[in-house]
Amino acid sequence: MIEIKDLHKSYQMGSNSLHVLKGIDFNVQKGELVSIMGSSGSGKSTLLNIIGILDEADQGTYTLDNTLIKNLNEKVAAEYRNKFLGFIFQSFNLINYKNAIDNVSLPLYYQGVARKERSEKALHYLEKVGLADWATHLPNELSGGQKQRVAIARALASDPKVLLADEPTGALDTKTSYEVMELIQNINDEGKTILIVTHEPDIAQMTKRIVDLKDGLIINDTYIEPVIANAHV
Ligand code: ADP
Ligand code: MG
């Protein structure tokens, strides 16, 4: 699903250059649940943003679902993001003046799906994350965990090939974090490929594979028997 070879990324700041990714080789098969671990500043978000076609590498190759991701203009990049990827962020990134169902519908609107089908699909995914009763509520009427569930429903709505989550539990308490991880595990059990960036070891233990980043390189890549989040809830 994801093939990355010898990826490099530097940031230019004036006359200084910060070499953040220093030769990343990384493959993900369909159906994996992978965590990318590493301390703050190790390059996790940079890598996830490149995988998410939000940023581009300076060197190396990236192939997503057999499509080479290279030199895309913003229009094509947006199309590919819409077609291939669903995003989950630490701060949820919901639109405050839109209710839950309209937030979930939004990616479908951009795909040109008709209004009725949009609403039906959005409600289906809200049901899937256990929030059907909250469909008409605004984000500020929801708890942090509920907001993240809406964001997960939104990420699922376009049935992406890959879900990308950058610190999805970073703004949640431990119990709520484990509930969100239980949902993520259930979505993965249905076959969805999921990548999670986290710096929390207990969250990484709930995935099936832990990739450790340090100073811009992968220093460890281990398949594990995941801790079942449900056992902690
Ligand atoms: P992580 O997500 O692991 O905390 P990041 O990928 O966000 O790390 O950042 C890696 C390094 O790159 C950090 O030193 C950060 O300050 C720097 N960095 C990230 N984004 C930019 C940017 N847009 N411009 C300049 N430096 C950046
Ligand atoms: Mg980060």
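Please read these numbers as outputs of a predicted model, since none were measured by experiment. What you see below is based on every heavy atom in this structure, not just the backbone, and it leaves out hydrogens, waters and symmetry mates. Remember, it's 1-based here, ligands and their atoms both numbered in the order they're listed.
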Which of these passes side chain to side chain contact (heavy atoms under 4.5 Å, CB included) with I4: L64, L47, I218?
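By the side chain to side chain contact (heavy atoms under 4.5 Å, CB included) criterion, I4 pairs with just one of L64, L47, I218: L47.
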
Looking at G31, is its backbone amide N or carbonyl O close enough to the side chain of N188 to form a donor-acceptor pair, meaning the two atoms are under 3.5 Å apart?
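Yes: the side chain of N188 pairs with the backbone of G31.
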
Would you tabulate the side-chain donor-acceptor contacts of residues 102-110 under 3.5 Å, counting partners in other chains and residues two or more places apart, or write 'none'?
residue: N103; atom: OD1; partner: I95; partner atom: N; Å: 2.8
residue: N103; atom: ND2; partner: I95; partner atom: O; Å: 3.1
residue: N103; atom: ND2; partner: K98; partner atom: O; Å: 2.8
residue: N103; atom: ND2; partner: N99; partner atom: O; Å: 3.2
residue: S105; atom: OG; partner: I101; partner atom: O; Å: 2.7

Is any side-chain N of the basic residue among D65 and K83 closer than 4.0 Å to the acidic one's carboxylate O?
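Salt bridge flag = no for K83 with D65.
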
Of the protein N/O/S atoms, how many lie under 2.8 Å from the Mg ion (ligand 2):
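Every protein N, O or S atom under 2.8 Å from the Mg ion (ligand 2) counted, the figure is 1.
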
Angle class for the Y80/F84 ring planes (parallel below 30°, perpendicular above 60°, tilted otherwise)?
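Because their plane-to-plane angle is over 60°, the rings of Y80 and F84 count as perpendicular.
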
Of all residues at least two apart in sequence or in a different chain, which pass the side-chain hydrogen bond (donor to acceptor under 3.5 Å, both in side chains) check with H199?
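Per chain and number, H199 pairs via side-chain hydrogen bond (donor to acceptor under 3.5 Å, both in side chains) with E167.
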
H19/S10 under side-chain contact (heavy atoms from CB on, under 4.5 Å): CA gap, chis, key distance, verdict:
CA-CA 4 Å; H19 199 178; S10 297; 3.5 Å; yes

Please say whether more than 12 non-hydrogen atoms of neighbouring residues, nucleotides or ligands are located less than 6.0 Å from NZ in K161.
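For K161, atom NZ is not crowded (no more than 12 foreign heavy atoms under 6.0 Å).
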
Is it the case that over 12 heavy atoms from other parts of the model lie below 6.0 angstrom from the CD atom of E225?
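Result for CD/E225: open.
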
Give the residues near ligand 1 by chain and number, with the criterion being a heavy-atom distance under 4.0 Å.
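Contacts of ligand 1 under 4.0 Å: Y11, M13, L18, V20, S39, S40, G41, S42, G43, K44, S45, T46.
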
